[in-house]
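Quick caveat, the model's predicted, so the values are computed rather than measured. We number each residue from 1, following the sequence as shown. Basis for what follows: all heavy atoms, side chains included, without hydrogens, waters or symmetry-related copies.
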Amino acid sequence: MKKLLVPTDFSTEAENAVKVAAQLAKKHNCELILLHMLELPLNQLSTGGGTPADLPEAVFYEISP
């Protein structure tokens with residue numbers, strides 16, 4: 001095992017999972033990668049006539065129509 005991917009929502013349960021994953025990563029000398037998904041409010045763009053540049057978060061993401 002070289003990489004360990006751990007999804008998180010920053011809840012208490014997820015924090016416990018990250019702690020266990022960190023122990024496993026240390027034991028197996030592998031990279032620990034945390035993943036948190038962000039949902040962009042694309043419906044505001046389609047209904048309000050805005051552009052992706054109107055959302056600060058969209059600067060970092062590619063949005064497909």
Side-chain angles (χ1 to χ4, degrees):
M1 176 169 31
K2 294 181 183 180
K3 296 180 182 182
L4 185 58
L5 178 63
V6 182
T8 183
D9 61 0
F10 300 106
S11 65
T12 302
E13 293 81 6
E15 184 178 338
N16 293 333
V18 169
K19 288 178 183 177
V20 171
Q23 292 172 351
L24 283 170
K26 185 175 182 178
K27 180 179 179 180
H28 296 284
N29 194 29
C30 64
E31 183 179 5
L32 180 63
I33 302 169
L34 298 180
L35 173 68
H36 178 71
M37 299 301 294
L38 174 66
E39 184 176 348
L40 296 175
L42 297 178
N43 60 343
Q44 290 179 359
L45 294 177
S46 61
T47 59
T51 66
D54 294 334
L55 293 173
E57 300 92 349
V59 172
F60 300 104
Y61 302 96
E62 179 179 325
I63 299 175
S64 301

With a cut-off of 3.5 Å and sequence neighbours excluded, list every side-chain donor-acceptor pair involving residues 21-33.
none

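- Met1 and Val18 fall within the same hydrophobic cluster, defined by Ile, Leu, Val, Met, Phe, Trp and Tyr side-chain heavy atoms under 4.5 Å apart, directly or through other members.
- Between the CD atom of Glu15 and the CG atom of Asp9 there is a distance of 11.0 Å, given to the nearest 0.5 Å.
- Results of the side chain to side chain contact (heavy atoms under 4.5 Å, CB included) test with Val6 over Leu35, Val20, Leu34 single out Leu34 as the only residue that passes.
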